[in-house]
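Here the structure comes first, spelled out in structure tokens, and everything after it is commentary.
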Amino acid sequence: MRRLLPRLALALCALSAFAGFFALGTWQLERRAWKLDLIERVDQRVHAPAIDAPGPGQWPRVNRADDEYRHVRASGRWLHDRETLVQATTELGSGYWVLTPLRLADGRSLLVNRGFVSPAQQKERAARREGEAVEAVTVTGLLRLTEPRGALLRDNDPGADRWYSRDVQAIALARGLGEVAPYFVDADADATAPGGPVGGLTVIAFANNHLVYALTWYALALMVAGATWIVIRQERRRADEGNPDGTHD
């Protein structure tokens, strides 16, 4: 009996570990199915015809799961004198996003990321005045959720006018915009004006390593099962060697 208890404890530990690893592997497969569905839905949103951007009555219901990356349109007049430069790194290099308020017909504002400018050539607004429309415009682009937590290791500093993330409410407060939509829009490439900024640079990428994780957890479960089988086999062999007559404790 004294020899049986350690074996039983080992078996229970092995069973628990196997069940845990197997459950984690199955969970990762479920996450993979969810991620693939998300990628498909986002792809459909991005390539769908533009629809009207959510209005004030819809603002409280705008959320990441249902609305981010929707292809939307909005009309109004640019408030170029209240633009904000947000540091960015893109396929064109390091520079800035140009966030310009679009004053809507009802007096509210919508922040539009008109695109990317390089610090060497186009950071100063004077270098881009040629492309500043003064008449009413209609903008299309992808709906994006506000980024209130700043960038990695760097927080926005409104007092010094240094911006590292597109925090809609903070930018609206700093620029005195009043009531503003709780999201911003990444302008399409066709919004690119002479002299910049360059639109259509939204990066849409979702990490999808769930299959690798699932296989790893399943492999660990098999390793536990294999190790347990080896231990049991060795224990039986020792028992057989210690009991030539074939009896066991």
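Because the structure is predicted, anything quoted here is derived from the model rather than measured. Just the heavy atoms: all of them, side chains too, but no hydrogens, waters or symmetry mates, feed the values below.
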So, the side chain of [X] versus the backbone of [Y]: is there a donor-acceptor pair under 3.5 Å, distance only?
| X | Y | value |
| --- | --- | --- |
| N156 | Y164 | yes |
| D186 | L201 | no |
| E147 | R166 | yes |
| T146 | V168 | yes |
| Q58 | G55 | yes |
| R114 | G199 | no |
| Y183 | P54 | yes |

Joint cluster assignment, [X] & [Y], ILVMFWY side-chain distance < 4.5 Å:
| X | Y | answer |
| --- | --- | --- |
| L15 | W217 | no |
| L102 | I51 | yes |
| L29 | V212 | no |
| L173 | W59 | no |
| Y213 | L24 | no |

Gap separating the [atom1] atom of [X] from the [atom2] atom of [Y], nearest 0.5 angstrom:
| X | Y | atom1 | atom2 | value |
| --- | --- | --- | --- | --- |
| H210 | Q28 | NE2 | CD | 6.0 Å |
| L104 | E179 | CG | CD | 10.0 Å |
| T84 | W163 | OG1 | CH2 | 6.5 Å |
| R162 | D155 | CZ | CG | 11.5 Å |
| F116 | S94 | CZ | OG | 7.0 Å |

Evaluate the side-chain proximity of [Y] to [X]: yes if any heavy-atom separation is below 4.5 Å, no if none is.
| X | Y | result |
| --- | --- | --- |
| Q87 | Y96 | yes |
| D190 | T140 | yes |
| R108 | P56 | yes |
| I171 | V180 | no |
| R144 | T202 | yes |

Might you point out which heavy atoms bring [X] and [Y] nearest each other, and give the distance in Å?
| X | Y | result |
| --- | --- | --- |
| V86 | S165 | CG1-N, 3.6 Å |
| Y69 | L142 | O-CD2, 3.7 Å |
| V224 | F18 | CG1-N, 4.1 Å |
| A74 | L110 | CB-CD2, 3.6 Å |
| A48 | H71 | O-ND1, 2.8 Å |

Between L99 and the options V185, L111, L85, the side chain to side chain contact (heavy atoms under 4.5 Å, CB included) test singles out L111
Margin query: Check D188 with R73, please: is the shortest side-chain N to carboxylate O separation under 4.0 Å?
Written below: no
### Task
Test salt bridge (Lys or Arg N to Asp or Glu O under 4.0 Å) on E135 and R77 and set out the steps.
CA-CA 6 Å; E135 69 279 2; R77 293 181 180 275; over 6 Å; no
Anything under 30° is parallel, anything over 60° is perpendicular, the rest tilted; go ahead and classify Y218 against F22.
tilted
query = For the residue pair H80 and W78, does the interplanar ring angle fall in the parallel (under 30°), tilted (30 to 60°) or perpendicular (over 60°) class?
reply = tilted
TODO: Verify the neighbour count for atom CH2 of W97: are there more than 12 heavy atoms of other residues, nucleotides or ligands below 6.0 Å?
DONE: yes
